[in-house]
Structure formats: C-alpha cells, structure tokens
Amino acid sequence: MAGIRKLLLEESLALGPNWRHACHVLLYAPDPGKLFGRIPLRYAVLMQMRFDGRLGFPGGFVNLQDESLENGLNRELVEELGEGATAFRVERAHHRSSRAASGQHVVTHFYAMRLSQEQLAAVEIGAPRAKDHGLEVLGLVRVPLYTLHDDVGGLPAFLENAFIGTAREQLLETLQDLGLLESGSVFKH
C-alpha cells in the first residue's frame with residue numbers, strides 16, 4: 001500500500017504525540033481435525049468480520065499516555081472477544097511488525113500468539129457475549145489454511161475477501177513466517 005512503511009518498534013514509539021497507535025493480534029492454535037475426514041486443518045487461525053464489512057484482526061487503538069501497547073491490546077481483546085481473552089496475555093515478545101501510514105499519522109502494531117486448543121475454543125464460545133459483539137465486531141471466522149483440489153477453494157477463495165488496511169499482507173506474512181502453511185499451498189497468487 002502506498003504511504004505505508006515498516007518501522008522498528010522503537011522507531012514507531014519515538015514518532016511523537018501526533019501519532020495514534022493501533023494494535024492487533026493473530027491468534028492461532030493447533031487443530032488436529034480433518035475436513036471431510038481427509039484434509040488436515042493443522043491450525044485454527046482467527047480473524048473477525050468488522051463493522052465495516054471487512055476482515056481484520058482483534059484489537060484496536062491504544063492511548064500511549066494511559067497504557068502500554070500490550071496493556072491496550074489486551075484491554076481491546078477483552079472488549080472484542082470477551083472473557084475467554086482473560087486466560088492469556090499478549091506480551092511484547094509476541095510483536096511481529098509495526099507499520100506507519102504517514103498521511104493518517106497512524107502506526108499499526110501487529111502481534112501473533114499461539115494459544116492452546118482450549119484457550120482458542122473459549123474465545124470462540126465467549127465472543128458472542130463480548131461487549132463489542134454486534135457493534136465493532138460482527139463475528140469471528142477461522143482462516144482456511146488449505147487449498148482444495150480445484151486450486152480455488154479454501155485459502156485462495158478466502159483471500160478474495162475485503163481486508164482492512166494491511167491485514168491481508170499481515171496474515172500471509174505471518175502464516176509463512178510461522179510455518180502454519182504447507183509449502184507452496186497458497187503462494188500461487
């Protein structure tokens with residue numbers, strides 16, 4: 001995207017008071033299930049349908065004068081995902097990247113955290129009771145990490161959806177970097 005550049009975390013925090021900061025996280029857990037009894041799911045990766053009809057990751061704006069990036073992100077997770085998000089805590093060690101959109105004076109900080117199957121299930125079960133459910137968040141979705149034999153269904157079709165900002169790029173980079181995809185399973189696009 002034009003006007004967006006990657007920054008080191010320290011650089012982004014030194015930009016000054018005229019910049020707003022938003023934090024989002026990719027939550028994932030191992031998934032031993034098989035679709036139709038034959039297609040390995042490998043991992044469950046959560047995204048959410050936002051109020052604007054686009055896909056994104058849980059999180060939101062944080063106020064650095066009142067809270068750290070991670071404290072703000074964890075607060076947002078409870079608001080958007082409910083009580084299931086209190087069973088874990090996103091920390092600085094989960095930080096993956098920061099990007100600055102100079103025209104908007106917004107820095108986005110992206111995190112990724114592996115959960116247990118039980119923690120992820122608790123998030124999915126509790127999300128409809130979260131404060132922001134039905135308002136900012138319309139629902140959670142799992143990212144299909146497979147490609148069907150037609151080379152369209154699964155992840156390639158999912159990637160045709162509308163994503164907010166750089167969420168699509170963050171998803172693909174993180175899936176690849178963390179080894180959550182089988183080699184060559186989607187990067188035909």
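Count residues from 1 along the sequence.
Checking each of Asn161, Leu140, Leu55 against Met49 for a side chain to side chain contact (heavy atoms under 4.5 Å, CB included) leaves exactly one that passes, namely Leu55.
For the atom pair CG (Leu13) and OG (Ser98), the distance works out to 7.0 Å, reported to the nearest 0.5 Å.
Residues Leu180 and Arg42 share a closest heavy-atom pair of O-NH1, 3.0 Å. Considering every non-hydrogen atom in both Leu64 and Ser68, the closest pair reads CD2-C, 4.3 Å. Residues Ala101 and Ile4 approach most closely at CB-CG1, 4.1 Å, considering heavy atoms. Across Val152 and Asp150, no two heavy atoms sit closer than the pair N-OD1, 2.8 Å. Heavy-atom minimum distance, Phe57 versus Ala167: CE1-O, 3.5 Å. In this structure, Leu9 and His109 approach most closely via the heavy-atom pair CD1-ND1, 3.6 Å.
The ring of His95 has its center closer than 6.0 angstrom to the ring center of Tyr111.
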Quiz: residues 123-131 side-chain donor-acceptor pairs under 3.5 angstrom, not counting sequence neighbours:
from	atom 1	to	atom 2	distance (Å)
Glu124	OE1	Arg142	NH2	2.8
Glu124	OE2	Arg142	NE	2.8

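Residue pairs meeting the ring pair (Phe, Tyr, Trp, His ring centres under 6.0 Å) criterion with at least one partner in residues 154-177, sequence neighbours excluded, are Phe158-Phe163.
No side-chain donor-acceptor contact under 3.5 Å links Glu173 to the backbone of Gln170. With Asp132 contributing its side chain and Val137 its backbone, the two residues share no donor-acceptor pair below 3.5 Å.
Here Phe88 pairs with nothing under the ring pair (Phe, Tyr, Trp, His ring centres under 6.0 Å) rule; sequence neighbours left out.
Ion pairing of Arg75 with Glu67 is present here, as a side-chain N (NZ or NE/NH1/NH2) and a carboxylate O approach within less than 4.0 Å.
Between Tyr43 and Tyr28, the ring planes are perpendicular. Angles over 60° get that label, and only those under 30° would be called parallel.
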